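For reference, the structure discussed in these notes is given below.
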Amino acid sequence: MNAFRLCGDLFHLLSIMVLLLKIRATRSCRGISLKTQELYALVFICRYLDLFYSYISLYNTVMKITYLATAFSIVRYMRFDKVVRQTYDKEQDTFRYIFLIAPCALLALVLNHRFSPTEVLWTFSIYLEAVAILPQLVLMQRTQNIDNLTANYVALLGAYRGFYILNWIYRFATEKHYRQWIVWISGVAQTALYADFFYYYALCWKAHQRLQLPA
């Protein structure tokens, strides 16, 4: 644990809290991609199977349970809440996430640290997290209905990944045998997906305007 990772975890948690605040306070999920939220739920399920057989620390366990619980809570609101689900823009959120899941699954079978069920699922979660934000970004480009809470949610997710890259750089410089090529490459690829978003986010923030992305 170091300051960069702690900041990354806090930004990740804050992004989820902002999204839950939007849904609960406004009773609306307009502008939010259910596809992205279901992909994140799948990421957490595959990554945190070690909750059943491994204990690292209380902090680690609490964060894993929190991510799982909040992911399922968001999906439940969007799918089953009588009021919230009526605001879901199903016609626009049409990204076919099988085109993300299938390649990530195949890649995890081929490129992994060790060929075992738990290791392959963990690696799959790393690859899938790198692209899980794509349905959300596509939805925002299509609808141009981007409220401040939704924009801030995506920005906080990008900040989380940015601090994790700083965490990897710090650990590489201070830990002699620290090498995680799969995690590093996936994380950099994920951060690159946010580049266009952050460019327009910064422009609109500077101009005090509501975020708009080019179609």
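Since we're looking at a predicted model, the values are computed, not measured.
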Give the C-alpha distance, both sets of side-chain angles, the deciding distance and a yes or no for side-chain contact (heavy atoms from CB on, under 4.5 Å) between Thr94 and Arg142.
-> CA-CA 10 Å; Thr94 57; Arg142 284 178 177 175; 2.5 Å; yes

Could you please spell out the steps behind the side-chain contact (heavy atoms from CB on, under 4.5 Å) verdict for Gln190 and Val131?
-> CA-CA 6 Å; Gln190 180 181 358; Val131 295; over 6 Å; no

Walk me through it: do Ile126 and Ile182 pass the test side-chain contact (heavy atoms from CB on, under 4.5 Å)?
-> CA-CA 8 Å; Ile126 296 297; Ile182 289 176; 4.2 Å; yes

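Contact annotation: the side chain of Leu21 never approaches that of Met17 to less than 4.5 Å [non-hydrogen atoms, C-beta and beyond].
Distance alone, capped at 3.5 Å, places no donor-acceptor pair between the Ser15 side chain and the Tyr153 backbone. Remark: the backbone N or O of Lys90 is not paired with any side-chain donor or acceptor of Asp93 at under 3.5 angstrom. Judged by distance alone, the side chain of Gln136 and the main-chain N or O of Ser33 form a donor-acceptor pair under 3.5 Å.
For Tyr194, the ring pair (Phe, Tyr, Trp, His ring centres under 6.0 Å) criterion is met by no residue, not counting sequence neighbours.
Between Tyr164 and Phe4, a ring centre-to-centre spacing not shorter than 6.0 Å is recorded. Aromatic rings from Tyr178 and Trp184 are positioned such that their centres are separated by under 6.0 Å.
Once rounded to the nearest 0.5 Å, the distance linking CD1 of Ile101 with CG of Leu106 reads 12.0 Å.
Listed by first then second residue, pairs satisfying salt bridge (charged side-chain N to carboxylate O under 4.0 Å, His left out) with a partner in residues 32-43 read Glu38-Arg79, not counting sequence neighbours. Residue pairs that meet the side chain to side chain donor-acceptor pair (under 3.5 Å) test with at least one member in residues 48-58, sequence neighbours left out, are Asp50-Lys64.
Side chains of Asp9 and Tyr160: no donor on one and acceptor on the other come within 3.5 Å.
Just one residue in the list Leu149, Leu156, Ile74 forms a side chain to side chain contact (heavy atoms under 4.5 Å, CB included) with Leu19, and that residue is Ile74.
Using a 4.0 Å cut-off between charged nitrogen and carboxylate oxygen, Arg210 and Asp147 do not count as a salt-bridge pair.
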